[in-house]
Amino acid sequence: MLFLIRIFLLCWLIIGVTLGGIIMCLCTLTSKDRVYRLGKVFSKVAALFGLSVEGRVAPEAEVVPQAVYVANHQNNFDLFTAAVVFPRGTVTVGKTSLRWIPFFGALYWASGNILINRNNSKKAIKTIDQVVASMKSTGLSIWMFPEGSRSRGRGWLPFKRGAFHAAVQAGVPIIPVVCSNTHEQVKLNRWHNGKVIVEMLPPISTAGLKETDVVKLMKQCESQMHETKARLDEELAKR
């Protein structure tokens with residue numbers, strides 16, 4: 001019964017948030033905080049799944065005016081967990097296939113997020129160049145999932161370089177965001193599904209870096225994120 005109630009509420013929530021969100025986005029086309037405002041709504045949905053989400057933000061990350069945020073990508077619940085620390089003046093970068101998801105695709109596009117074709121490397125590189133140009137002209141930050149796809153319990157997937165190229169070209173820091181494990185944590189027929197911690201780490205400077213430094217930057221970030229997730233999972237396991 002609980003499973004059916006949650007599915008029913010989620011369906012209505014998706015429809016309501018999509019319609020209301022599109023109207024809000026169309027009425028605030030010049031705002032840089034459309035995704036931020038939607039994130040505030042999505043972060044409340046975690047409770048519907050019986051999840052308690054704690055957000056932690058490093059003080060150094062709070063004062064950065066512009067950055068490239070990179071987060072681990074586990075499953076569909078990332079939409080509701082990572083949103084707890086989603087910053088102002090930021091848009092996400094996702095696959096073009098997202099536009100075809102019923103309801104969500106329209107909202108994703110209307111809120112100003114950026115769609116790229118990751119299956120075509122030449123087009124993806126060209127799009128990253130356009131993203132960087134947009135960052136420089138608008139002052140917007142971007143949020144990317146460097147794994148490219150949801151890991152779905154397969155462990156960490158190899159990082160792609162796009163986010164790190166963008167940070168170096170734009171001359172802005174990388175800010176890692178790590179969510180503790182949520183794989184198979186949520187059971188829709190169970191009232192309480194435990195706690196999740198989302199932690200935004202201190203910025204990694206790209207000052208003085210060149211394109212030849214991208215791989216080293218990526219490996220540094222990847223290592224920090226792996227260590228942080230292990231620490232968060234261990235902390236939650238002890239509770």
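Side-chain atoms are counted along with the backbone in the values below, which use heavy atoms only and exclude waters and symmetry mates.
Considering CG of L4 and CG of L9, their distance stands at 11.0 Å, rounded to 0.5 Å. Rounded to the nearest 0.5 angstrom, K95 NZ and L115 CG are separated by 11.5 Å. Note that CG of D78 is 13.0 Å distant from CZ of F42, once rounded to the nearest 0.5 Å. Atom-to-atom distance recorded for N72:CG and T81:OG1 is 8.5 Å, nearest 0.5 angstrom. To the nearest 0.5 Å, atom NE2 of residue H73 and atom CG of residue L79 are 9.5 Å apart. To the nearest 0.5 Å, the span separating CG on N113 from CG on L98 amounts to 9.0 Å.
For S180 (side chain) and I197 (main-chain N/O), a donor-acceptor pair under 3.5 Å exists by modelled atom type. With D233 contributing its side chain and N181 its backbone, the two residues share a donor-acceptor pair below 3.5 Å. Formation of a donor-acceptor pair under 3.5 Å by the T90 side chain with backbone atoms of R88 is found in this model. When atom types are taken as modelled, the side chain of S223 and the backbone of Q220 share no donor-acceptor pair closer than 3.5 angstrom.
No side-chain heavy atom of R190 sits less than 4.5 Å from a side-chain heavy atom of L2. At least one side-chain heavy atom of Q74 sits less than 4.5 Å from a side-chain heavy atom of K229. Inter-residue side-chain proximity for C179 and V53 is flagged as unmet; no heavy-atom pair is nearer than 4.5 Å. Contact of the I14 side chain with the F104 side chain is not registered, since no non-hydrogen atoms from C-beta on lie closer than 4.5 Å. Here the side chains of Q169 and E211 are in contact, with some heavy-atom distance below 4.5 Å. Between M24 and L38, the closest side-chain pair of non-hydrogen atoms falls below 4.5 Å. Taking the side chain as every heavy atom from C-beta outward, V70 and C221 approach each other to under 4.5 Å. Side-chain contact between R6 and V186 is absent, with no heavy atoms from C-beta onward closer than 4.5 Å.
Of the listed residues (L209, L217, V68), just one forms a side-chain contact (heavy atoms from CB on, under 4.5 Å) with I204, and that residue is L217.
Closest approach of A67 and V64 over heavy atoms only: CB-CG1, 4.0 Å. Shown here for A166 and I142, the closest heavy-atom pair between the two residues is CB-CD1, 4.1 Å. Contact record, S111 with C25: CA-SG, 3.5 Å, taken as the closest heavy-atom pair. The heavy-atom pair separating V84 from G55 by the smallest distance is CG1-CA, 3.9 Å. Closest approach of I22 and A110 over heavy atoms only: CG1-CB, 4.4 Å. When every heavy atom of P173 is checked against every heavy atom of P203, the shortest pair comes out as CB-CB, 3.9 Å.
Placement of L29 and I23 in two distinct hydrophobic clusters is found when ILVMFWY residues are connected by side-chain heavy-atom separations under 4.5 Å, directly or transitively. Each of W100 and F103 belongs to its own hydrophobic cluster when Ile, Leu, Val, Met, Phe, Trp and Tyr are linked at side-chain heavy-atom distances under 4.5 angstrom. Using a 4.5 Å cut-off between side-chain heavy atoms of Ile, Leu, Val, Met, Phe, Trp and Tyr, with links allowed through other members, L13 and I101 fall into the same hydrophobic cluster. L48 and W191 fall into different hydrophobic clusters, where Ile, Leu, Val, Met, Phe, Trp and Tyr residues are linked whenever their side-chain heavy atoms come under 4.5 Å apart, directly or through other members. Residues M225 and V57 share a single hydrophobic cluster, defined by chaining ILVMFWY side chains whose heavy atoms lie under 4.5 Å apart.
Between R231 and E227 no salt bridge is recorded (no basic side-chain N to carboxylate O distance below 4.0 Å).
Every residue meeting the ring pair (Phe, Tyr, Trp, His ring centres under 6.0 Å) condition with F49, not counting sequence neighbours, appears here in chain and number order: F77, F80.
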Just do the side chain to side chain contact (heavy atoms under 4.5 Å, CB included) check on N193 and K187 with the steps written out, would you? CA-CA 7 Å; N193 284 304; K187 306 295 183 183; 3.9 Å; yes
Given V178 and Q224, is the side chain to side chain contact (heavy atoms under 4.5 Å, CB included) satisfied, shown in steps? CA-CA 9 Å; V178 182; Q224 286 189 17; over 6 Å; no
Candidate pair I128 and M144, rule side chain to side chain contact (heavy atoms under 4.5 Å, CB included), full reasoning: CA-CA 11 Å; I128 289 297; M144 298 183 71; 4.3 Å; yes
Please step through side chain to side chain contact (heavy atoms under 4.5 Å, CB included) for the pair W143 and V35, ending with a clear verdict. CA-CA 11 Å; W143 178 294; V35 182; over 6 Å; no
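A side-chain N or O of R37 and one of S31 form a donor-acceptor pair less than 3.5 Å apart. Using a 3.5 Å distance cut-off with no hydrogens or angles, the side chains of T92 and Y108 do pair a donor with an acceptor.
Using bins of under 30°, 30° to 60° and over 60° for the plane-to-plane angle, the ring pair F164/F159 lands in the parallel bin.
K195 NZ: more than 12 foreign heavy atoms inside a 6.0 Å radius.
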